Q: 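Here's a structure for you.
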Amino acid sequence: MAATISTTASAASRHLSSAHPGSPKPFLPLSLKTLPKPCLSLRHRLTSSPHRRLLPIFATDSGELFPSSPDGVANDLFPLFDDKPREECGVVGIIGDPEASRLCCLALHALQHRGQEGAGIVASDSTTLRALTGLGLVSEVFSPAKLDSLPGSAAIGHVRYSTAGAASSPMNVQPFLAGYRFGQLAVAHNGNLVNYAALRTDLEARGSIFNTSSDTEVLLHLIATSTSRPLLSRLVEACRAIEGAYSLVFLTASKLFAVRDPHGFRPLVMGRLRRPSRAVVFASETCALDLIGADYDREVQPGEVLVVDGQDLSLTSLCLLPHKPRKACIFEHIYFALPHSVVFSRPVHASRYSFGAALAADSPAPGADVVIPIPDSGFFAALGFAERSGIPFQQGLIRSHYVGRTFIQPTQEIRDLGVKLKLAPVRGILEGKNVVVVDDSIVRGTTSSKIVRLIKDAGACEVHMRIASPPIVGSCYYGVDTPRAEELISNRMDVEGVRKEIGCDSLAFLSLDSLRKLLGDEAPTFCDACFSGSYPVPPREHEVVKVMEE
């Protein structure tokens with residue numbers, strides 16, 4: 001299958017903007033004129049977003065409503081973020097080892113790429129649950145002395161994704177720990193509940209008081225208000241009420257529960273420690289198992305709830321909900337997961353290599369002298385492209401791992417220099433060369449344009465961009481922090497328009513048909529809604545308007 005390609009000499013490419021009959025229409029910013037009359041007087045209100053949080057909205061003088069960042073900074077700073085989707089978080093659960101909290105901390109280090117905003121651990125000593133959460137990296141939140149305050153043989157942990165531009169509220173850092181009439185319960189969540197706003201409104205109408213703006217807290221309220229017995233029944237009842245993506249770990253004084261939504265959007269795996277304890281471990285990726293010396297056993301199946309008893313580590317598996325078609329997030333293999341992880345039973349590095357090789361077959365770059373990756377997620381795709389095309393592979397951009405955020409610089413000129421802090425060109429590789437640059441995706445296009453200029457400033461004659469995924473035309477509603485659809489460059493422009501915008505000499509994406517062909521018989525079991533606009537669970541973007549009307 002041919003990839004989607006655009007060059008200065010080629011004919012017009014397949015149009016991918018909203019005007020194309022086969023693509024979704026872009027979502028326009030809400031206007032005060034389009035809201036129901038009871039809303040017109042509201043200047044500050046909670047609204048649902050494609051992300052996992054409920055954000056305040058602020059009306060501008062022109063009448064448009066924009067979500068704010070968690071600290072109230074207007075959303076017009078968002079384009080200055082790193083131009084990549086952000087994974088929501090990573091979760092860990094361990095039961096049956098006396099060093100549970102320390103092992104949990106190590107496992108969270110392995111999942112740090114899934115979230116850098118905050119981290120937390122809740123541990124159980126078979127009687128009491130204790131929590132320690134904080135903003136920042138795992139190494140900043142936890143110290144040996146702090147881990148001493150989390151004794152016990154069971155623990156769950158969470159890393160929260162980075163909200164660039166604003167510090168999140170400490171109240172939103174998971175795991176959440178609550179006490180109710182049957183004892184203590186803690187939960188950590190990876191995903192997004194698409195019916196969160198309606199559930200929260202209903203619970204508040206019945207007297208529930210919320211401490212956070214996270215959709216995860218809804219689960220605790222649903223469990224606490226359930227009349228079912230025992231806890232497993234209440235948990236299942238709560239999960240039947242929620243819609244969307246969720247990989248969950250729950251902890252009580254004596255048991256650990258692992259739950260995955262019926263579609264299996266987000267990953268969750270199970271393993272056992274090789275230590276004498278043979279403790280049971282759950283994690284978002286197998287890389288966390290590898291770090292703490294646990295053997296990978298299997299995935300938690302979509303719609304499955306696993307219960308581990310802390311006394312004898314006996315394992316009980318139950319079907320949570322009636323079977324639904326699996327819709328695993330393909331972006332885990334394109335960008336999110338670490339290359340040495342096994343996600344959805346597939347090695348991530350092998351997937352990325354095959355994406356790059358297929359891209360080279362479909363969209364070669366004749367006359368190119370060198371193939372370079374965008375570090376780090378483009379590495380294996382670039383390797384596949386280079387080996388399939390026979391063009392030498394080189395590390396033409398060196399990434400600095402010690403640079404903080406650059407979006408708060410005072411002038412545009414200074415902000416534009418930020419990319420040089422993160423990526424340093426190797427002039428000896430690039431100068432006088434026709435360069436193929438392989439990246440995993442293009443979101444807004446802002447970073448891609450800076451990288452093209454950076455490479456050309458280093459002396460490259462031509463820059464040919466090759467993207468190892470299809471054009472992103474829709475937002476994700478299942479646990480990935482993506483921009484609104486109208487901010488996605490491929491939602492607004494065809495491939496030739498994107499090429500002109502970022503300034504490269506040619507541009508090609510891996511086509512959706514080629515991607516599905518590489519996935520083979522499993523293709524229908526992956527969610528590709530951000531590429532196709534076909535959402536397995538319909539998003540409820542305008543649910544807030546309905547809530548306001550009521």
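For this chain, numbers begin at 1 and follow the sequence in order. Please read these numbers as outputs of a predicted model, since none were measured by experiment.
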Q: Could you check whether any side-chain heavy atom of Phe257 comes within less than 4.5 Å of a side-chain heavy atom of Val249, counting everything from C-beta outward?
A: no

Q: Please answer whether the main-chain N or O of Leu289 pairs with a side-chain N or O of Thr286 as donor and acceptor at a distance below 3.5 Å.
A: no

Q: Can you confirm whether Pro302 sits close enough to Pro262 that some side-chain heavy atom of one is under 4.5 Å from a side-chain heavy atom of the other?
A: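 Contact flag for Pro302/Pro262 side chains = no.
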
Q: Report yes if some heavy atom in the side chain of Val537 is under 4.5 Å from a heavy atom in the side chain of Lys327; otherwise report no.
A: no

Q: In the structure I gave you, are the side-chain heavy atoms of Glu332 and Phe344 within less than 4.5 Å of one another anywhere?
A: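 Glu332 reaches Phe344 side chain to side chain.
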
Q: Are Ser254 and Gln311 linked by a side-chain donor-acceptor pair shorter than 3.5 Å?
A: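 Result is no, nothing qualifies.
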
Q: Distance from Thr133 atom OG1 to His158 atom NE2, nearest 0.5 Å?
A: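 Between Thr133 OG1 and His158 NE2, I get 11.0 Å after rounding to 0.5 Å.
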
Q: If the test is side-chain contact (heavy atoms from CB on, under 4.5 Å), which one of Leu256, Leu177, Leu185 qualifies with Leu251?
A: Leu256

Q: Rounded to the nearest 0.5 Å, what separation is found between the CD atom of Glu217 and the OH atom of Tyr196?
A: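 Those atoms lie 7.0 Å apart.
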
Q: Cation-pi check for Phe210 against Arg200: NZ or CZ below 6.0 Å from the six-membered ring centre and within 45 degrees of the axis, yes or no?
A: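 Ring-cation test returns yes.
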
Q: Centre-to-centre under 6.0 Å for Phe531 and Phe331, is that the case here?
A: yes

Q: Taking atom types as modelled, find out whether Asn172 and Ser214 have a side-chain donor-acceptor pair closer than 3.5 angstrom.
A: no

Q: Is Asp125 paired with Arg130 through a side-chain N to carboxylate O contact shorter than 4.0 Å?
A: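 Salt bridge flag = yes for Asp125 with Arg130.
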
Q: Is it true that Arg326 and Thr525 share a donor-acceptor pair across their side chains at a distance under 3.5 Å?
A: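 The answer is yes; a qualifying pair exists.
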
Q: Any Lys/Arg nitrogen of Glu99 or Arg275 sitting under 4.0 Å from an Asp/Glu carboxylate oxygen of the other?
A: no

Q: Give a yes or no on whether a salt bridge exists between Arg484 and Glu487, defined as a side-chain N under 4.0 angstrom from a carboxylate O.
A: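 Between Glu487 and Arg484 there is a salt bridge, with a charged N closer than 4.0 Å to a carboxylate O.
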
Q: Would you check if Ile121 and Leu132 make a side-chain contact, meaning some heavy-atom pair closer than 4.5 Å?
A: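 With C-beta onward as the side chain, the pair stays apart.
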
Q: Counting only heavy atoms not in His349, do more than 12 sit closer than 6.0 Å to its NE2 atom?
A: no

Q: Taking atom types as modelled, is there a side-chain donor on His113 or Glu285 under 3.5 Å from an acceptor on the other?
A: yes

Q: Is it true that Asp97 and Arg272 make a salt bridge, defined as a side-chain N closer than 4.0 Å to a carboxylate O?
A: no

Q: Pairs in or reaching into residues 287-300: which pass side chain to side chain donor-acceptor pair (under 3.5 Å), with residues at least two apart or in two chains?
A: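 For residues 287-300, and leaving out neighbouring residues, the side chain to side chain donor-acceptor pair (under 3.5 Å) pairs sorted by first residue read Arg260-Glu299, Arg274-Asp295, Arg298-Glu304, Glu299-Ser345.
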
